[in-house]
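If you're wondering where the values come from, they're calculated on a predicted model, not measured in any experiment. Here is the naming used below: chain letters follow the sequence lines, and residue numbers restart at 1 for every chain.
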Protein chains: 2
Amino acid sequence: MTAIKSGLNGAHKAAIRQENEEQILAAAELVFADYGFKGATTARIAEIANVPKANVHYYFSTKEALYRRIMEDICDHWLEAAMTFENSSDPAEILRGYIEAKMDLSRARPHGSRVWAHEIIRGAKFSSDYISTTVKNWLDSRVVVINRWITEGKMDKVEPYSLMYMIFATTQHYADFARQIEIFNNDQPLSDTQFAEAKENVVRIILKGVGLS
Amino acid sequence: MTAIKSGLNGAHKAAIRQENEEQILAAAELVFADYGFKGATTARIAEIANVPKANVHYYFSTKEALYRRIMEDICDHWLEAAMTFENSSDPAEILRGYIEAKMDLSRARPHGSRVWAHEIIRGAKFSSDYISTTVKNWLDSRVVVINRWITEGKMDKVEPYSLMYMIFATTQHYADFARQIEIFNNDQPLSDTQFAEAKENVVRIILKGVGLS
DNA sequence: ATTTATCTTGACCGTTTGGTCAGGTTAAAA
DNA sequence: TTTTAACCTGACCAAACGGTCAAGATAAAT
C-alpha cells in the first residue's frame with residue numbers, strides 16, 4: 001500500500017523514509033515561513049505533511065532539529081545563487097546575472113526566503129555564526145571585487161555594502177512581501193510576464209544607478 | 001507612590017492610565033517585532049512592560065486587540081512618511097525626500113517596520129483590507145504621478161510599481177535586517193555616519209537608476 | 001517460518017498559553 | 001468622612017504546546 005501511495009517499488013523502507021522526510025521538510029518550510037520558529041507548531045507541520053505528529057518526531061527528534069535542517073537547505077540554495085557572482089570579467093554581466101539569479105530564487109523558492117527573513121528579523125539567534133563567517137566572507141570578497149571595479153573606473157564610486165544590501169532587499173522583497181505585491185496587483189499573483197518585467201526593471205535601475213549602462 | 005514613580009502630579013488616574021498603556025504598547029511592539037503575532041506571548045509583553053500579566057489584559061482585552069492597536073500606530077507613522085511624496089514639482093526632489101523619510105523611519109522606529117514585515121510575510125491576515133484600500137489607493141495615485149513624469153520626459157520609462165517596491169524593500173531592509181547588517185559591520189550597529197552614507201547611496205543609486213540625476 | 005530492524009500512531013505527560021476573576025488598594029467625588 | 005469608580009494582581013482555568021512511549025504493523029534478513 002505504501003508502495004502504491006508513494007509510487008515506489010524497490011527498497012521500500014528507504015523509499016518510505018525519503019518520501020516521509022521530504023513531505024515533512026516541505027511542510028515544515030511552509031509553516032516556519034508563515035510563523036517563524038517560535039510561532040510554528042509541530043502539530044501544524046504534521047497536519048500539512050499528512051502524517052501523525054508522533055511521526056514528525058520519529059524522523060526529526062525536535063522542532064529545533066527540524067528548523068536547523070530547513071535552514072541548512074536554504075543556505076545551500078543561497079550558495080547556488082551566490083556562485084553566479086564568479087567567473088566573468090564584465091561587471092554589468094556579473095551583476096545582472098546575480099540579480100537575475102536572486103530574483104529567480106525568490107520566484108522558485110519563496111518559502112525559504114521567508115524563513116530566512118523570520119530568522120533575521122528575530123535577531124539571527126540560530127544563524128549568527130553562519131552569517132558572521134561563511135556569509136560575511138562571501139560578501140566581503142564581493143565588496144573587494146566591486147571596489148576594484150570602482151578603482152578601475154568601470155563603475156561609479158558607490159559604497160559596495162549599500163549596493164549589495166539594495167540587491168538583497170529588492171530581490172528578496174518579491175518573495176517575502178509577495179502577498180503585499182499580490183494585493184497591489186488586484187489580488188492576483190504576478191504572472192510570469194509581470195515577474196519577468198519586474199526582474200528586468202530591477203536589473204536596469206540598479207545597473208544604471210551604479211553607472212554600468 | 002505612583003505619582004513619584006511616574007513623575008506625574010495632577011489627574012493621577014488619567015496619568016496612570018496613559019503611562020501604563022504607553023509602557024505596554026512599547027513592550028508589545030518590541031515583542032511582536034521579534035516573534036510576530038502568533039509567536040508573541042502576553043506574559044513576555046507584561047514582563048518587558050514591567051506590569052503583571054493580568055494588568056495587560058486590564059488595559060487591552062485580548063492579544064489580538066493589542067496587536068491591532070500596534071498595527072494602527074504603525075500605519076499612522078507610515079502615512080507621515082507617505083506625505084513627503086506630496087507638494088513639490090521636482091521629481092528628483094520628491095523622490096529624494098520620500099526615500100530619506102522612509103530611511104529615517106527605519107532608523108527611528110525599526111520595531112514597527114519589523115512588526116509590519118511579520119504581518120506581510122505571514123500573509124497579511126489582519127491588514128489585507130487596509131492594504132487593498134488605503135495603501136493601494138495611495139500607491140496607485142503615486143504611480144499615476146510617476147507615469148506623468150515619464151510621459152513628460154522627466155525620467156526614464158520604468159515600471160512604476162517595480163520602482164516603488166525597490167524603495168519599500170531597500171529602505172525597510174535597514175530596519176528589518178538590521179541584525180544582519182550589524183553582523184556584516186563587525187557586530188557593530190551602523191553609526192550615524194555610516195547610516196547617513198547608506199542613505200545617500202540609496203538615494204543616489206535610485207535617482208540615477210531612473211534617470212533623475 | 002522466524003527473527004530482527006524499522007516504521008507507525010493513539011494516548012499520554014508536564015509545561016506554557018491566552019484569558020478570567022475575586023478580592024484588594026488607591027484616589028477622586030459626594 | 002463616606003462612597004464610589006477606577007486600578008491592581010495572585011491565583012486559577014481550559015486549551016494548546018513540544019515531546020514521549022508502549023504496543024502494534026510492516027518488510028527485510030536469517
Side-chain angles (χ1 to χ4, degrees), chain A residues 1-25 27-28 31-32 34-70 125-126, chain B residues 1-25 27-32 34-70 118 122 125-126:
Chain A
M1 198 195 82
T2 309
I4 292 166
K5 177 186 159 202
S6 65
L8 297 164
N9 48 11
H12 280 185
K13 279 281 155 69
I16 288 171
R17 177 162 215 108
Q18 194 191 335
E19 163 118 353
N20 280 335
E21 281 186 356
E22 279 172 9
Q23 227 156 330
I24 293 167
L25 285 170
V31 175
F32 284 133
D34 277 348
Y35 300 109
F37 176 72
K38 187 145 188 292
T41 68
T42 54
R44 180 79 179 133
I45 292 169
E47 187 188 341
I48 292 180
N50 215 29
V51 299
K53 194 184 68 166
N55 216 351
V56 171
H57 284 92
Y58 173 72
Y59 285 102
F60 301 92
S61 56
T62 64
K63 178 178 160 184
E64 181 175 332
L66 182 51
Y67 182 73
R68 288 186 184 279
R69 172 62 183 276
I70 294 286
K125 302 299 182 202
F126 290 94
Chain B
M1 198 197 81
T2 307
I4 292 166
K5 178 187 160 201
S6 64
L8 297 165
N9 46 12
H12 280 186
K13 280 280 156 70
I16 289 172
R17 176 161 214 107
Q18 193 190 335
E19 163 118 352
N20 280 334
E21 282 186 355
E22 278 173 9
Q23 228 156 328
I24 292 168
L25 285 170
E29 188 179 74
L30 211 163
V31 175
F32 284 133
D34 277 348
Y35 299 109
F37 175 73
K38 188 144 187 290
T41 68
T42 54
R44 180 78 178 134
I45 291 169
E47 187 188 342
I48 292 180
N50 215 30
V51 300
K53 194 185 71 166
N55 216 350
V56 171
H57 284 93
Y58 174 72
Y59 284 102
F60 300 92
S61 55
T62 65
K63 179 179 161 184
E64 182 174 329
L66 182 50
Y67 182 74
R68 288 187 183 278
R69 170 62 182 277
I70 294 286
H118 271 292
R122 209 202 348 171
K125 302 298 183 203
F126 290 94

(request) Please report, rounded to the nearest Å, how far the P atom of D:dG19 is from the CD1 atom of A:Ile24. (result) 14 Å
(message) Starting the side chain at C-beta, find the nucleotide from D:dG18, C:dC7, C:dT20 nearest to A:His57.
(response) D:dG18
(message) I want to verify a distance call: between C:dT17, C:dT20, D:dG18, whose nearest atom is closest to the B:Ala54 side chain?
(response) C:dT20
(request) Locate the shortest heavy-atom distance separating A:His57 from A:Thr62; write the atom from each residue and the value. (result) CD2-CA, 4.4 Å
(message) In this structure, how many angstroms lie between the C1' atom of C:dG19 and the OH atom of B:Tyr59, rounded?
(response) 18 Å
(request) Round to a whole Å and report the spacing from CD of B:Glu19 to P of D:dC8. (result) 10 Å
(request) Name the nucleic acid region contacted by B:Phe60, choosing base, sugar-phosphate or nothing; use a 4.0 angstrom heavy-atom cut-off, strictly under. (result) nothing
(message) It should be established whether B:Asn55 places a side-chain nitrogen or oxygen under 4.0 Å from OP1 or OP2 of nucleotide D:dG10.
(response) no
(message) Closest-nucleotide mapping onto DNA chain D: is A:Lys53 or B:Pro52 further toward the 5' terminus? I mean the 5' end.
(response) B:Pro52
(message) For B:Arg122 versus A:Asp34, what's the shortest heavy-atom pair and its separation?
(response) CG-O, 2.8 Å
(message) If you assign each of A:Val56 and A:Lys38 to its closest nucleotide in DNA chain C, which residue comes earlier from the 5' end?
(response) A:Val56
(request) Can you label the angle between the A:Tyr67 ring and the A:Phe32 ring as parallel, tilted or perpendicular, going by 30° and 60°? (result) perpendicular
(request) May I ask you to verify if any side-chain N or O of A:Tyr58 is less than 4.0 angstrom from the OP1 or OP2 atom of C:dT8? (result) no
(request) Provide, to the nearest angstrom, the distance between the NZ atom belonging to A:Lys63 and the P atom belonging to D:dT20. (result) 14 Å
(message) Does D:dA6 have its OP1 or OP2 closer than 4.0 Å to a side-chain nitrogen or oxygen of B:Arg17?
(response) no
(request) Find the distance B:Gln23:CD to D:dC8:C1' and express it as a whole number of Å. (result) 14 Å
(request) For A:Ala40, answer base if it contacts any base atom (sugar-phosphate contacts may also be present), sugar-phosphate if it contacts only those atoms, and nothing otherwise; contact means non-hydrogen atoms under 4.0 Å. (result) sugar-phosphate
(request) With the side chain counted from C-beta on, respond yes when B:His118 and B:Phe37 share a heavy-atom pair under 4.5 Å apart, and no when they do not. (result) no
